[in-house]
Every structure is written in structure tokens, then in C-alpha cells.
Amino acid sequence: MATNIPSINDLVQQASSAYKTQFGCEPEVAGRAPGRVNLIGEHTDYNEGFVFPMALPMVTVVVGSKVEGDSCQVLTLSPYLNDEKLANFNIPSKNDTLKPGSPKWANYVKGVVAKFIGTVPAFNAVIISSVPLGGGVSSSASLEVAMYTFLEELAGQRTDNPAKKAIACQMAEHEFAGMPCGIMDQYISVMGKIGHALLIDCRSVEGRLVPLTNPEVAILITNSNVKHELTGSEYPTRRKQCETTAQLMGKKSLRDATLKDLEGFKDKLDAETYRRIRHVITEISRTDEAATALENNDYKTFGQLMIQSHNSLRDDYEVSCPELDQLVEAAIDVEGVYGSRMTGGGFGGCTVTLLKQDAINKAIDHIQSRYKGKATFFVCGPSDGAMPIKL
Ligand code: GAF
């Protein structure tokens, strides 16, 4: 059975009531921002390519109020490992800067405070989230963007430039969480629109909305519930490999490279680098093609492209894992499934499956029966991006 997704109202009520218990008064402002699922276009954002995500109905909510002085207290209601749930820090004065530290989850909060475009007053806040943590559906970006949206309300300064807001949150993640991510997760969390997927051009940081409202078609997210803790260096290593090779090929980024260019450089690259670059080049064009297929309601082509994307991530980019491969293989066995693939950074987390609405139950049963672990399922429609919440 698919898991129920808590309503935003429920989350706001839980956070507000915890705020009252913790701080002895009602919160005055609130913001929310969604997680995302990427339909296709993986590991292309930091190569200035295309990505094609949609915002999820699972969100992070931040409620809170201004306080006197410069000291902030933030409580999380989400189980971030065994971390302390209450974080304290000061709004930096002129000669002082905020620094990452512990608890780790608060680094996303502090990063956004540091990168906010405008002046942040001291505040107390409570955070709650329905985005599965560490599941490859952008729980971190949703926390950053929800925090930014909350700060906009607190400071009375809404940004008129959504790309700048997304970039500020991306920089928070680079500098405070040490993760050199691309722009996809923060941008879709800011810009998502109900009933639409968003083709993002990560070079110009602009998006093209594509409707996804056919009631006969559904998106199924399957959480493998595994996260392989590698050395933590897999993502930065691949990013570096892409950038170094683009330079070697005389390109600003791999967005400018073609398969023909790659063939010309084949004897200068080791076999692994060759495969990595082949993934990026083919994935950028698959993503462009997939957006057009969806615009034409051509779900069959879209599904085929998803399967090609998964195979390329598994064999060329090598960011899949046996659990994700098993989930994808099981999904594409089911009649009524158009396509399936791993989604997000990889090495665990979720798969995304495009299928006929009336095949959902059959797909869930079949996938679970073939999966060695315990999977969790979410049926999700494309949802809205970040917004303030009226309390
Ligand atoms: C992670 C990153 F945060 C994104 O920027 C993107 O690179 C993705 O992995 C892979 O497509 O979610």
C-alpha cells in the first residue's frame, strides 16, 4: 500500500503547538518548501545541462517569531539521526561570521541565515518535515528553501528573483554542509508548480513548465530505505572528473560536448572517465527529448528514456546500487508501467516510476514481492514550490 502523506495543515499545527510548548507563545510567521523527484536528467545540473524534476507534496515547514537580542533557538521535530534536536546560535555581528558545527542538521539553517539576501533578525523557530530524510528526494534542499522562505517573512523582504534565492540556498549547502551540489534541488523547491514538471536549463538557470495532469497517468516513488555510506567523496569526485574533462576537451562545460567530440578524445581518457562523460552527454539529450515527449503526451517514449537513463547511471556513471536496480527491474516487469529509474544522487534512496493509474496497486505488490528489503511507496502528483504560510 502507498504511504499516506501528512497534510500541510497537520504539519503546521504540530509545529505551532511544539513552538508554544518550547517557547511559551504562538509563532507569528511560517514558510514551507517541498522535496522533489527528478523524472530524468541525473548528474547533469553541475554540467550546465538539463534536468526535469517536479515538486512533491512532501514539504518542510518552519514556524517561528522574532526575538530580542541576537541569540536564536531552533527546534527540529524530525529525527535527524541521534543529533541534538535543539540548536542555538547567534546572528552574526559585523566582525563575526556564522560557522558550521553541531548538530549537523542545523548547518542547513545557519547556512541559509548566512546566505540570506537581506538582514536577518534574531528568531526562535520549529521545523517539521514530511520529506523522507536521506531518501534522494531533497530533504536538505526543502529545509534550506523552507528556512529561506520563513526568513523572508520574518524580515519582511521577499526576493523578486527566484534564481537568486535558489542559488543562495545552494551556496548554504556548499559552504555549511560541504556538499558541492548542482542547482536542481533548490531551484525546483523554489519554482515547482502544481500539475507541472519543470525542465530546468542549468546554464541559464531558467525553467520551462510542462503540464503533467493526465488523470490516467501516475508517478510512483519507491524508497529502497537503503543509503550506502560510501566515503562521501563519490559525488565531488564525479563532479571534478566532469569539470576536468570538459577543460581538457576545450569546453566551458560538458553541456557543450557531443558524442563526436568525446570519440575524438577517446585515446586521451581512461575507460572509466570515458564512460562517465558518455553518461553526461547522452543524459543531457535524453532529458531534452523526454520533456518534448511529455509535452506530446508520449508516455511510451518518456518511459523508454527513463529506462535508458537508469542503465546509463548504473553502467556508465556507476551511481546505482543492487537495491535500486532490483526495484527498477521489478517495476518494468509490470504491465501498465511506462518506465522506471533511480532518482537523485544515487547509492540508495528512491526510484521513480511512470505508470498507468490503474496499474498502481499491481505495481506496488509486484515490486515489494521481488524486493529483498522493505520498500516504502508514495504516489505523488506534481505540487507547488515554496510559499509563505498564513498562521
Ligand atoms: C543531488 C544534487 F544535490 C543535485 O544537484 C544533483 O546533482 C543530483 O544529486 C544528481 O542529479 O541531488
Side-chain angles (χ1 to χ4, degrees), residues 27-33 35 45-46 60-76 78 80 83-129 131 133 138-191 205 232 235-236 239 385-386 388:
E28 283 160 5
V29 296
R32 66 179 230 221
D45 58 354
Y46 51 82
T60 299
V61 167
V62 182
V63 305
S65 298
K66 279 185 200 168
V67 295
E68 295 294 323
D70 57 6
S71 150
C72 303
Q73 289 190 69
V74 182
L75 175 74
T76 177
S78 300
Y80 290 96
D83 263 7
E84 179 60 53
K85 287 192 174 341
L86 189 67
N88 296 285
F89 56 91
N90 285 349
I91 295 290
S93 61
K94 270 203 182 103
N95 305 318
D96 199 16
T97 49
L98 265 175
K99 295 209 172 51
S102 102
K104 275 193 175 158
W105 62 266
N107 288 334
Y108 299 98
V109 173
K110 289 192 259 181
V112 171
V113 169
K115 296 293 166 187
F116 185 75
I117 306 162
T119 310
V120 181
F123 62 90
N124 288 337
V126 170
I127 299 171
I128 189 165
S129 187
V131 185
L133 298 178
S138 279
S139 52
S140 324
S142 87
L143 170 55
E144 290 148 12
V145 176
M147 197 64 212
Y148 199 104
T149 308
F150 163 77
L151 293 181
E152 285 178 318
E153 294 313 289
L154 196 75
Q157 280 178 293
R158 283 191 200 165
T159 171
D160 51 3
N161 185 329
K164 278 194 181 159
K165 175 171 171 177
I167 291 167
C169 292
Q170 180 196 20
M171 288 306 117
E173 182 141 352
H174 283 202
E175 292 174 32
F176 280 72
M179 159 68 170
C181 59
I183 190 62
M184 164 167 69
D185 302 353
Q186 292 78 9
Y187 193 77
I188 183 67
S189 187
V190 173
M191 294 301 286
V205 196
Y235 187 97
R239 184 171 179 159

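In what follows, every heavy atom counts, from backbone to side chain, and hydrogens, waters and symmetry copies are set aside.
Side chain of Glu175 to backbone of Gly111: no donor-acceptor contact under 3.5 angstrom is found. Asn124 places no side-chain N or O within donor-acceptor distance of the main-chain N or O of Val74, the cut-off being under 3.5 Å. Using modelled atom types, one side-chain atom of Trp105 and one backbone atom of Glu84 make a donor-acceptor pair closer than 3.5 Å. A donor-acceptor pair is defined here as one N or O able to donate and one able to accept, closer than 3.5 Å; no such pair exists between the side chain of Thr60 and the backbone of Ser129. The backbone N or O of Ile167 sits nowhere less than 3.5 Å from a side-chain atom of Gln186 that would complete a donor-acceptor pair. Using a distance-only test at 3.5 Å, with no hydrogens or angles considered, a donor-acceptor pair links the side chain of Arg239 to the main chain of Cys181. A side-chain donor-acceptor contact under 3.5 Å links Asp45 to the backbone of Met184.
Put simply, the side chain of Phe123 reaches to within 4.5 Å of the side chain of Leu151, judged on heavy atoms. Side-chain atoms of Val145 and Lys165, non-hydrogen and from C-beta on, do get closer than 4.5 Å to each other. For the pair Ser140/Met179, no side-chain contact is recorded, criterion being any heavy-atom separation below 4.5 Å from C-beta on. The closest side-chain heavy-atom distance from Pro100 to Lys110 is not below 4.5 Å.
Using a cutoff of 4.0 Å between basic side-chain nitrogens and carboxylate oxygens, Glu144 and Lys115 are not scored as salt-bridged.
Smallest separation of non-hydrogen atoms from Ala163 and Tyr187: CA-CE1, 4.1 Å. The two residues Tyr235 and Gly182 have their closest heavy-atom pair at OH-N, 3.2 Å. Closest approach of Val131 to Ser138, counting heavy atoms only: CG1-C, 4.2 Å. Summarising the geometry of Ser142 relative to Gly35, their closest heavy-atom pair is CB-N, 3.7 Å, with the distance given to 0.1 Å. Annotation for Ala141 and Glu173: closest pair N-OE1, 4.4 Å, computed over non-hydrogen atoms. Across Cys72 and Ala122, no two heavy atoms sit closer than the pair SG-CA, 3.9 Å.
Here the CG atom belonging to Leu154 is positioned 8.0 Å from the CE atom belonging to Met147, to the nearest 0.5 angstrom. For the atom pair CG of Leu75 and CD1 of Ile128, the computed distance is 10.0 Å after rounding to the nearest 0.5 Å. Rounded to the nearest 0.5 angstrom, Leu86 CG and Gln73 CD are separated by 5.5 Å.
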Report task. Output, in order, the C-alpha distance, side-chain angles, deciding distance and verdict of side-chain contact (heavy atoms from CB on, under 4.5 Å) for Thr159 and Glu152. Result -> CA-CA 7 Å; Thr159 171; Glu152 285 178 318; 2.8 Å; yes
**Report entry** Residues Phe176, Leu98; criterion side-chain contact (heavy atoms from CB on, under 4.5 Å); working and verdict
**Finding:** CA-CA 9 Å; Phe176 280 72; Leu98 265 175; 4.2 Å; yes
Query raised in the report: Does the pair Val113 and Phe89 meet the rule for a side-chain contact (heavy atoms from CB on, under 4.5 Å), with working shown?
Result: CA-CA 11 Å; Val113 169; Phe89 56 91; 4.2 Å; yes
Report task. Give the C-alpha distance, both sets of side-chain angles, the deciding distance and a yes or no for side-chain contact (heavy atoms from CB on, under 4.5 Å) between Val109 and Val62. Result -> CA-CA 10 Å; Val109 173; Val62 182; over 6 Å; no
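Ring pair Tyr148/Phe116: centre-to-centre distance below 6.0 Å.
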